[in-house]
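Structure first, then comments.
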There are 2 protein chains.
Amino acid sequence: MSDTHARATEAPRPASAEDVPYELIELLFFAYRDFVGDPDRILADYNFGRAHHRVLHFVQRRPGLTIAELLDILQITKQSLNRVLKELVETGFVESRMGTQDKRQRNLHATTAGRELAVRLAQLQAKRINAALAIVGPEAGEVVARYLAGLIDPAERRKVLGSLAGSD
Amino acid sequence: MSDTHARATEAPRPASAEDVPYELIELLFFAYRDFVGDPDRILADYNFGRAHHRVLHFVQRRPGLTIAELLDILQITKQSLNRVLKELVETGFVESRMGTQDKRQRNLHATTAGRELAVRLAQLQAKRINAALAIVGPEAGEVVARYLAGLIDPAERRKVLGSLAGSD
DNA sequence: TTTTTATGTCAGCCATGTTGACATATCTCA
DNA sequence: TGAGATATGTCAACATGGCTGACATAAAAA
């Protein structure tokens, strides 16, 4: 892909003038748009939005998660988190228990209802993911996972991958 | 991965109870989060947000795009689009010309400044994408592209893929 | 005991999505 | 030609989910 079509009279390489993978950039946009679109419709029935979904998802996947850990995952402010978390607790989808070791901390858990909703949403997304996998071939899962991991900030990557493996 | 560990006494399959690819679901979240994070910092210097970026990007990639086509791509309302588009036009990054065939239409074009900004942002994202590609191996690009295409709504897919090819 | 840490909360702002209503110019069709 | 459909623009109001800054409390740590 580098020197395939030598351009007439040009410098060794204009840094990265035009090896921009526009196709992947746009596919990522379209794919993500539809990927998060599925749950949105269901969440609307509960008067929840995407923010609620993200919180519920990670609480369900990482039982006992603390507020600080959740903030680190979502990379939003505690005020933003609190708004949706409070609603999830008040409506009985998430439980917030005082930490046993450190009583300042809160350990978050999905309730039965929370678990059910989270799983329902995850299955919806799974359907789409597995359909895509069926098109490309199942061996693509591994490749795509490593590719997506490669898109994560290098500084974050180790931590994220560790938390993925741990909760699996 | 299907029947590897046969479960003792269970029905043929509970529909899709637990073959949920949580790893991919979460990787998609983290990857997209960081992928759109890069441009955000630059856009802030221009008092632009993500919405401006998306508009500028597609206008630059599809010169002469009409309002209706852009709305179809972004899947937002014309009021939402108009707010950011107006700003892009007023600040000289996008030009809106009356259609030649159909004078009701507007054909959108990036100005020189608009093109420069769009390319700069695309190169930033390209850096990340190419870094990920370098990790997985260049042959992954093809696989990932087909996978991401598979995530797009089937009803939309043909149209989207057509527009990608056309603008390449 | 003082300080730091983990969390909660109030108040207000901003960006970007939404709906609904309505205006204008232009095109199309009977 | 005249009626209706179409493409766009715009006003107003509202919802969601980010943000900053300030301040409060309880518990841990120094």
Side-chain angles (χ1 to χ4, degrees), chain A residues 29 32-33 36-37 39-59 64-91 94-109, chain B residues 29 32-34 36-37 39-59 64-91 94-108:
Chain A
F29 164 76
Y32 196 78
R33 182 193 68 179
V36 296
D40 282 0
R41 282 157 237 148
I42 290 180
L43 289 159
D45 296 342
Y46 295 81
N47 287 310
F48 289 155
R50 270 177 217 181
H52 300 85
H53 182 198
R54 291 195 284 261
V55 169
L56 180 60
H57 172 92
F58 285 108
V59 167
L65 198 68
T66 67
I67 302 288
E69 288 165 347
L70 189 46
L71 287 175
D72 187 56
I73 288 173
L74 300 177
Q75 292 192 185
I76 58 176
T77 59
K78 64 176 172 177
Q79 295 91 328
S80 294
L81 170 58
N82 217 260
R83 184 158 38 202
V84 293
L85 180 55
K86 206 198 294 189
E87 289 171 0
L88 285 169
V89 170
E90 282 167 359
T91 49
V94 169
E95 243 182 64
S96 174
R97 306 178 194 153
M98 180 186 284
T100 49
Q101 320 256 321
D102 186 332
K103 291 184 182 172
R104 291 171 304 179
Q105 293 185 336
R106 297 292 176 271
N107 293 117
L108 304 172
H109 296 265
Chain B
F29 165 74
Y32 196 79
R33 182 194 67 179
D34 291 347
V36 296
D40 282 359
R41 283 157 235 149
I42 290 178
L43 290 159
D45 296 342
Y46 295 81
N47 287 311
F48 289 156
R50 271 178 217 180
H52 300 85
H53 183 199
R54 291 194 283 261
V55 170
L56 180 59
H57 172 91
F58 285 108
V59 167
L65 198 68
T66 67
I67 301 289
E69 287 164 348
L70 189 46
L71 287 175
D72 186 56
I73 288 174
L74 299 178
Q75 293 192 184
I76 57 177
T77 59
K78 65 176 172 177
Q79 295 91 328
S80 293
L81 170 59
N82 218 260
R83 184 160 38 202
V84 293
L85 180 55
K86 206 198 293 187
E87 289 171 1
L88 285 168
V89 169
E90 281 167 359
T91 50
V94 169
E95 244 181 63
S96 175
R97 306 178 195 153
M98 180 187 285
T100 48
Q101 319 259 320
D102 186 334
K103 291 183 182 172
R104 291 171 305 177
Q105 294 186 336
R106 298 292 175 271
N107 294 114
L108 303 172

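The chains referred to below are lettered A, B, ... by the order of the sequence lines, with proteins before strands, and numbering in each begins at 1. If you're wondering where the values come from, they're calculated on a predicted model, not measured in any experiment.
Atom P of nucleotide C:dT9 and atom CD of A:Glu90 are separated by 9 Å, given to the nearest angstrom. Taking atom CG of residue A:Asp40 and atom C1' of nucleotide C:dT18, one finds them 13 Å apart after rounding to whole Å. The CG atom of B:Leu65 sits 14 Å away from the C1' atom of D:dA7 (whole-angstrom rounding). Atoms CG (B:Asn82) and P (D:dA7) sit 16 Å apart, rounded to a whole Å. If you measure from atom CG of B:Leu85 to atom C1' of C:dG17, you get 16 Å, rounded to the nearest angstrom.
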Exercise for the section: Summarise how protein sits on nucleotides 17-28 of chain D as a single string, 5' to 3': B when a protein heavy atom is under 4.0 Å from the base, S for sugar-phosphate-only contact, - for no contact. Expected result: BBBBBB----BS

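Relative orientation of the B:Phe48 and B:Tyr46 rings is parallel, given thresholds of 30° and 60° on the angle between their planes.
With rounding to the nearest 0.5 Å, the separation of CZ in B:Arg33 from CD1 in A:Ile73 is 9.0 Å. Between the CG atom of A:Leu108 and the CG atom of A:Leu70 there is a distance of 6.5 Å, given to the nearest 0.5 Å.
When every heavy atom of B:Ser96 is checked against every heavy atom of B:Val89, the shortest pair comes out as CB-CG2, 4.5 Å. Summarising the geometry of B:Gly99 relative to B:Asn107, their closest heavy-atom pair is CA-OD1, 3.3 Å, with the distance given to 0.1 Å.
The side chain to side chain contact (heavy atoms under 4.5 Å, CB included) search around A:Glu87 returns A:His52, not counting sequence neighbours.
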